[in-house]
Structure formats: structure tokens, C-alpha cells
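A note on names: the letters A, B, ... follow the listed sequences, proteins ahead of strands, and every chain is numbered from 1.
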Amino acid sequence: MIDRSDVLHIARLARLELDESEVDRIGSEISGILAHVERISELDLEGVEPTAHSVAQAGELREDDPGESLPRERALESAPDTDGIGFRVPPPSA
Amino acid sequence: MSDDLTLLTAVEAAAGVNSGELDREELYSAWLERARLDDLGALTWTSDSVLEAGEGPLGGVPVAVKDLFCTEGIPSQSGSRILEGYRPPYTATVVERIAEAGAPLLAKTNQDEFAMGSSNENSAFGPVLNPWDRTRVPGGSSGGSAAAVAAGLAPWALGTDTGGSIRQPAALCGIVGLKPTYGSVSRFGMIAFASSLDQAGPFALNVADAALLYSQMVGRDPRDATSLAYPGEVSGAALPDLKGVRLGVPQELSGEGIESGVLEAFERTLDLARELGAEISECQLPHAPHALSAYYLIAPAECSSNLARYEGVRFGNRVDNGGDLEQMFSQTRAAGFGEEVRRRIMLGTYALSAGYYDAYYGSAQRVRTLISKDFDKAFESFDAIVTPTSPGVAFPLGSKTADPLEMYLQDFCTVPMSLAGIPAISIPNGLSEGLPVGFQIAGPAFSENRILGIAGALEPAIGFDSRAARL
Amino acid sequence: MSDWEAVIGLEIHVQLATRTKMFCSCSPSFGEEPNTRTCPVCLGLPGALPTINAAAIDYGLQIGLALGCELASRSVFHRKNYFYADLPKGYQISQFDEPLCSGGELDGVRINRVHLEEDAAKLSHSSASGRIHGADASTVDFNRGGTPLAEIVTEPDLGSAAQARAWLQLLRSTLRALGVSDVNMDEGSLRCDANVSIRAVGDTGLSTKTELKNMNSFRFVEKGIEAEIARQVALVDAGGTVVQETLHFDPRTGTLTSLRSKEEAHDYRYFPEPDLLPVAVDDARIARARETLPELPAARASRYVEEHSLDPDLAKRLAFDADLTEMFESSLASGAGSVPARAIATWFSAEVSPRLGEMDDSSRSRLEPAALASLVGLVESGKVTTAAARGVLDRLVAEGGEPSAIVASEGLEKVGAGDELSAAVDEAIAADPEAAAKVGAGEQKALGPLVGLVMKATQGRADGGEVRRLLLERLAP
Ligand SMILES: [Mg+2]
Ligand SMILES: [Zn+2]
């Protein structure tokens, strides 16, 4: 069961602004889902290795050979706010 | 040969073009006309001109591609408001590959936002209607691709499957859908939902068409570290019969929770398989009932991280009310993501957060191991495992939107294979309440030829008319 | 009131000098125009995927070998999740519970770990506002984003600011010898944070530490740590307690300001990077890394002792300082054996090193190694006095140039026994008859002022012994 403060904490971590009305609803929805998925805790997972990738084999490395970069105008073309040189963002309040 | 080029199968059309009997441009234009008939909300973008492609096995037969595949200069929005109008500076490897092999882009298809959903009702660009019954959903998340092929708006299409997003809509729309072995098709340029599960695959009206398209999708991509070279050739040739083929029926996935009409169709198909010589018996996948739980921890966890890049700095839409950076991020994401996406980001963030990782994400990964082992064991005594694809037929729009869990149960039979990374195909195997039902065939990693072969043997025996819903 | 001792650990980020970025094929940027070194991968565009740069792994292994670390049998990457404008994907691909290298030691300081990760982009704050809503805008340049970094973390084994500075210099020369990085602090290819705490002398436990950031020169590392130690001692002596916080050192004012952001305690939600499979680090790869290891400072120091019979401390002072040891080596080469190595070594350590240490940016020194060799040569061959040579060195550091030329143009050659010197001696005697009389009366210590006068007249170019001899010759009873 997760409470309001949990919901607000997660929303903060996830950078999702919730309006007051949503907080309780999302809280109960997530609690409901967790109640279901928590059934895996019935299983005995002692000594079972976790699987992060379903691919068995080991990965390969990329050779250190430079490739093309995007022209700046392509890099900037989809940005919501630029000065033609960089991506413009609101000031971080440290 | 028929004078309506769009009534040819993709295999026939490709052969016609490659033998010089058919003209590529005519073929493309004919399909362009079909695509323009879309009144199902299946397509989010349609070409306004004849697009080029290479000479190759796919013989100029145009393809519809799920919105989430990046296509240079063409809207690629993954069904999300936050990416509305986004035109990427590059094209996904798999889209490039099939274009080089002869399949030009025809249209982009509607989908659940970031591939999260089983009804296509989570798209920022509206729902997709099922061509079999416009009051019902086509399934999801690749609902647009499935509906487009079923309605004859495109000869074949690309979709993606994370927990059932190709197989379930294929079943609900009465067409063929293949979820390939994880890693066999490059994910580069595929807008991610859950990286360790996402896999691209083909939709088609018949098994041979699906096999042909898939054969040109596979291959190691140096730009995708999780992609693998396909061992050998993809032929996908239909088996003449099923003599000596051992089919396992896991009772965990073929009983409880599945509509009677679907089960009846399933039993009928098993009888046909027996008649074709298949040896059918029960098998055990003891941990399969826990697959959905593991999936709904792993997929949201990965998506909570994959979707962190949508914060309104380098692309996509931004909401800026004059606050600081963090406020801009939080407002942009709150406004840009739909309800289901926000819910899964919250769930996944929680599952990874300090103090809960082991209980949730960690345990889910261990369950994933047990599920893979179940399959390994089953495949020691069976060539393939068969189940109904979806527990039910296409359901009415809005009937499951209230309760997330209800919706999640749609993936009950498809999620185990996704967690194990193994291939599974859904073929239409009859009707229930006048709506299509799907039959799922799963095999070990890289056994696509085998399951395509089995599907190809069953197809004529079942004799399903995939064109019944053509517009 | 008890005596305090400092407990210091360092966290160093080193930009690796690979030809491509950590996870994409863009070339790392060297001050190019902003946002001209990006691609879908390092911009974190939808659908883009990372691939691991083999050279970064090899450089990481070399660092591990040089620091005597244990090398992992596979390289595993995790995602470190947090939001910031300079972090395009909303997570940094880094290493978590399986770093590439762990353990190890360098000159008595234990290494905790060395892991690989990707650098962040550059966020710059401009008041030139173009935003609709008034407030100042900041802009992001993604050129630096994705540059390979090795993060080196030490155990808290350093006891003073000076020791921390010296050790960091040793680490730098080690990395420079490896050739894995430019290790340039003011360009940011070498960045150092410090964890500082104090404890009563004799205590062994660890007390609350603070983290010092942004000390972008060796001097600032030393000054910053000094300032923080002083702050903590004053605080505790006044009955206060140290709180865990991150501090920013301002070299100009020498003050420390707390970077207390409104960010809640970080929760990075590490999990295995699903886009990257673990890569096996096979023995062949490690063997190749080992073969390419060059002579490292420690080995070099002992070679100096054997080859040039320097005393061990002097040998270390040179070998552990990247700039000094390089200059020393090329000085020797240019000196071509004509000038004794010990003399050159002594000059570097006693004269050159302090002069460079005083500069904010020692790379601005104009001193050519060959020039120092010939200057020392002039002293050794008695053509110039040590006093005069010091003056010449000042000029070499400030303006560069050829010592013998400077000596000639300034007329700094040593004045031998000759008319000029005896004239100067006579003048001195005339100028201070009183002292002269005392010397005449056998009062040796009265020589001092007279010698001084001669030296003054010859601007230090005369040999002291010679001057005494001449004076006594004239005045002795
Ligand atoms: Mg770091
Ligand atoms: Zn790049």
C-alpha cells in the first residue's frame, strides 16, 4: 500500500507534475497493481539468478573509428527553443 | 492474374514485379488509393507520392510501419502528444533494411502511446476501429498496423511486440502476426518502451507473406548491441503436414480465464493439427501464471527510464510557464504523456526506487529466469508450444479502460514468451461471436522457420478468410 | 581542545583521449563550435541505442593495471537515473556494482575503484534572455556529452592538503605516462572532487565528511582542502558539528559556499542497462593492455636513483611530477651528457619547480628544457655564478631565450682575477677605510662589508673566494 507522500515522492523523482485530484487516484491504482504483482513474493527465489537480458551470448565492442556527426542545424531542428547555437532551457534554480 | 493488384498476396505481387509482369509504380499507386480509404484511424501518415525502394525480394510491395519506427523527415510520434509532429533526422535500421530489400514506405500506423496498451485506446491521435466491428478495438499496441492489413489498406505492416503487441492485435483483427526471437531484428530507431522486451515483427494476411517480410528484417546491426546474426536463412516454408511434430499445450495458459468461444476454436485447431499428424499433449509451464506480474514490474521499470529523455529540451513539445528547469520538465511531461504512460512511469519509478528494488525489480528478474527455464524444459520434449493468443475476442471500445488490470490480462498468454525472448506467431483460427480468434505457436530462440512451417501447415486446414474485413 | 588531523579521499574524473565518444561514433570535441559534435545517440534522440567503445575499455584496463587494481572479468553497465538539462537521456550510463577495476594502490594511497561512464554536456548560463517569460535562459552544448570518463575513487588515505595535491600530481603523471588522457585540469580533462573530514589525532574512526567540488587546478585543490579543514576545525572547536554537504570552492575569494539545492536526497534507481549486453574482458585483451604499459613514475624514480645516482627524495620529486619529469628528461637529452644529471636535477627541483608552483598556470612558462641544461652548464663550468644564474632563470621562465645569449648581452660572465676585479677591490678599500684598517689589524670578520661592496660593484658576478683572496693580499699585515 503506498500513501500520498510516496506518490508525491515518486512523482518528484519522475518529474511528473500531478494535480491535487490525481494524487489519491494514482496512489490507489498503483497500490492495486502492486497488490497483484506482489504475488511473485509467494515464489521461492532463493539462489535464482536474475535475468536482465534474454539474449544469452556476450556483447561485442565498437571499434574506435570516428563517424559522421549531425550538422548543427539538424541537431537543433526539432528543439522547442534554441538560439541557433545551443538548446535553450529555463535556468536551473540551484 | 487479378486486375486489382491489391488483391494479390504480397508474395504474388513481389514475384510479379521481380519477373517484370507488374509495374512497381502501378502497384504502389494502387495501394496508395487503398490507404486513402482509411476511415478507421489506422494510419497517422500516408505518403502523397510514390516512394522509391531498392530492387529485391520484397519486390516493391509497399509497407505500413508503426508510428514508433523512426523515419527520416516523416512524423514518428509513437502515439504520443509529447512527440506530436516530431520528424527524426534518421531512419530505423529495420525500415532501411526492408526498403533496400524492395519494400517502400506507404504509411505510418496508429498505436497505443509508446506501445503501452492492448486496445489502441491510449493513442494521442485517437482510437483505431476494428474493421470486423467498428464498435470494437483492434487490440494493441500495434492496433493501427493490424487494422490496416485486415482492412486491406496495406499489404503488410511492421509492428512491435513487448508483451503481446503484435500477436494480440493480429488475433483480434484476424490476420497473421509474428513476434520474433529477441535480438533477431535490430531495435535501432525503434522508439523504446521496454528495451529488454521490445521486438519488431511483421503483420500479413497469410503466413507466407509474413515469412517473406520477416526474412528481410533479420540480421545483426552494429548499432544495436543486443542484436544478433540470424543463424541460417529464414525460409518459413510451410510444412506439408505435421507428422511427428510434438505440440505442447500448457494448461496454465489454456484454461482458466479464457472465453469459452476462444477455447472451442483452440480445441478445433488442435483437432486439425492431430489430423495433420501432430502429437499433442499437455505440458507444464509452472511459473507462467506469474509472468504477468513479472512483466508489469520489468516493463514499467525500463519504461520509467526510457521515457526520461522526453523533457522538452532537444525535441518534442515543451510546456514552459516561466518556472525553473525542474518545473519545465515536470509540466512538459505531465502535459505530454497520457494517463497510462504516466501510470507506468510512476509504477516503474517506484519499483526501482531505494528500498524496493530487490522486492520488485530484482524478484521480477528472477521470475523471468524461472520462466525461461520452464520453456527450456518444455522444449526438451516438444517442438512447439501452442496456446490461444488472447483470452478473448475484440472487446467494445471503452469497456476495459476503467480498470488497468483488466486490460493487462489481455497479455496473459503472450507475456511468458516475451520474458523468455522466444519467437511466437499468431494465426487466425476461426471466429467466436462472429469475431476472429488467434492461435499462438511458440518455439525456442531462432526457431522461426519451425513455427512458420507449422503455421503454414495449419493455415489451409483452418481455411480462415483474412480478407473478410477488407474495406 | 584537542589536535585535529584531516582525513581526505579523492574522486577524480578523467576524460579518456579516445577517437570516438563512449557510446557513439562522434569525435570528442576540442573546443569546436557548440553542438557540432552530436548524433542521435549522444543527443539521446528517440530510438537511438548505445554501443561500447573498445578503446575506452582498453584505456580503463591500462589505468587499472597502472594502479594495481583487480580487473573485472566482464564489463557491465548500469543506468544512473536523474534529470538535468546536461543529461540528454535522463540517465547516465555508468558502472555500479561491477566496476571495471577495483582495489589497488598508488604510492601508499589505496584505490577503491575505477569505473567507466559517459560525460555530461555543458550547460552555460546566459543572462541574454530570449525566453518568452522574462527569466534568464541557459543554453546546452552537447559536444562534451558522451565523452568517455574514467572515474577513479580513492580510500580516505590522505592526511593533508599538500599531500592530496602531491598525490594528485603523481596520479596525473601516471595517467599522462599511460597516454590515456590529456589530464589537463584547466581544460577539464582532469577533474577532482575531495571528501574531507577531521578527527582528533589518535582517533581511527571516520567522522562526517563534506564534498568539495570544482577545484580546477592543483593549487586550488590544495587551497580548497586547506580552507575546508580550517573551516571544520574552527566549527568543531567552537562547539559546532560538521554537516554532510557539498561545497563549492571559490579560488578568487578562497571561500566555500554550500551547494544545497532543493533536490531531495538523490535516488538514482540504478539498474542494469538493458541496451548493452555484458562484454567479456578476456585475458588476451588484458595481456595487450599490459604489454602497452610504459615506464610509470614509481619505476622512473628508482631508475633516476640508479642511473643518475640522485638521492631518492629528489628522484621522486622529479619522477612524480609530470611536467618536471618530462622537462628533466629532455634537458638530459639536450645536455647530451656534457652536464651532470644530478646538477640539472637539483636545479629543476630547487629552482624551476618553485617558480612554476607560483604560477597560476605553469603551462605559461617559456622555459625550454634545453635552455636549462645549458644554463646549468654555464654554472658548472664556472662561467656564471649561481646568483647570476638564478636571475637568468627568472628571465627564461618569463620570456624564454638562450642563456649564453642573455649572459652575454647582460654582461653577466663571472669576473675572474683581472683588472676589473682588482679595480673593484681597490675601490672597496677606498670606500671603507675603517673596515680595511680592521682587516689590516687582523680582524677577519671585517672582510664582510668589503666583500659586499665588491659584489655590489660587480652585480654578483665575482667569485667570493677570489675577492677575499685579493682583499687579504692587499691588507694583510
Ligand atoms: Mg561519476
Ligand atoms: Zn554522438
In this structure, OG1 of C:Thr36 is separated from CZ of A:Arg74 (nearest 0.5 Å) by 15.5 Å
Interface moiety of C:Leu276 toward chain A, non-hydrogen atoms closer than 4.5 Å: backbone
Pair C:Thr139-A:Asp83, side-chain contact (heavy atoms from CB on, under 4.5 Å): steps then yes or no: CA-CA 8 Å; C:Thr139 53; A:Asp83 57 9; 3.5 Å; yes
Could you tell me which non-hydrogen atom of A:Asp64 sits nearest to which non-hydrogen atom of C:Ala55, and how far apart they are? OD2-CB, 3.4 Å
If I compare all heavy atoms of C:Leu123 with all of A:Val89, which pair ends up nearest, and what's the gap? CD1-CG2, 3.8 Å
Got a sec: does the CD of C:Glu70 have more than 12 other heavy atoms crowding it under 6.0 Å? no
Do A:Arg72 and C:Thr38 get their side chains close enough for a donor-acceptor pair, meaning under 3.5 Å? no
Do you know which of C:Phe271, C:Phe142, C:Tyr82 has the most heavy-atom pairs under 4.5 Å to chain A? C:Phe142
Out of curiosity, A:Ser69 OG to C:Lys21 NZ, how far, rounded to the nearest 0.5 Å? 6.5 Å
Does any backbone or side-chain atom of A:Glu60 lie under 4.5 Å from a heavy atom of chain C? Answer side chain, backbone, both or neither. backbone
For chain C, which of A:Gly67, A:Pro66, A:Ala52, A:Gly86 has the most heavy-atom pairs under 4.5 Å? A:Pro66
Pick whichever of C:Thr51, C:Asn53, C:Val279 has the most heavy-atom pairs under 4.5 Å with chain A. C:Asn53
If only atom types and distance count, is the side chain of A:Arg62 paired as donor or acceptor with the main-chain N or O of C:Ile52 below 3.5 Å? no
To the nearest 0.5 Å, what is the distance between CZ on A:Arg12 and CZ on C:Phe83? 11.5 Å
Considering only heavy atoms, which portion of C:Arg269 lies under 4.5 Å from any heavy atom of chain A: side chain, backbone, both, or neither? side chain
Under 4.5 Å from any heavy atom of chain A - which part of C:Pro28: neither
What's the spacing between C:Thr20 OG1 and A:Asp65 CG if we round to 0.5 Å? 7.5 Å
Which bit of C:Cys24 comes within less than 4.5 Å of chain A, counting heavy atoms only: side chain, backbone, both or neither? backbone
Which atoms of C:Pro272 come close to chain A, meaning under 4.5 Å heavy atom to heavy atom: side chain ones, backbone ones, both, or neither? side chain
Report the C-alpha distance between A:Leu70 and C:Leu43 in whole Å, list the side-chain angles of each, state the deciding distance to 0.1 Å, and finish with yes or no for side-chain contact (heavy atoms from CB on, under 4.5 Å). CA-CA 10 Å; A:Leu70 289 168; C:Leu43 278 178; 4.1 Å; yes
In short, C:Glu273 meets A:His53 closest at the heavy-atom pair O-NE2, 3.1 Å
Are side-chain heavy atoms of C:Cys26 and A:Glu68 found at a separation under 4.5 Å? no
Count the heavy atoms of every other residue, nucleotide or ligand shown that sit under 6.0 Å from CG of A:Asp3, and state whether that count exceeds 12. yes
d(C:Asn35 CG, A:Glu73 CD) to nearest 0.5 Å is 11.5 Å
For A:Pro91 against C:Ser138, the heavy-atom pair lying closest together: CA-OG, 3.6 Å
Passes side-chain contact (heavy atoms from CB on, under 4.5 Å), C:His266 versus A:Leu13? Steps please. CA-CA 9 Å; C:His266 280 300; A:Leu13 282 176; over 6 Å; no
Nearest-0.5 Å distance, CG of residue A:Leu61 to CD1 of residue C:Ile57: 5.5 Å
Side chain from CB out, backbone as N, CA, C, O: work out which of these in A:Ala79 comes under 4.5 Å of a heavy atom of chain C, or both, or neither. neither
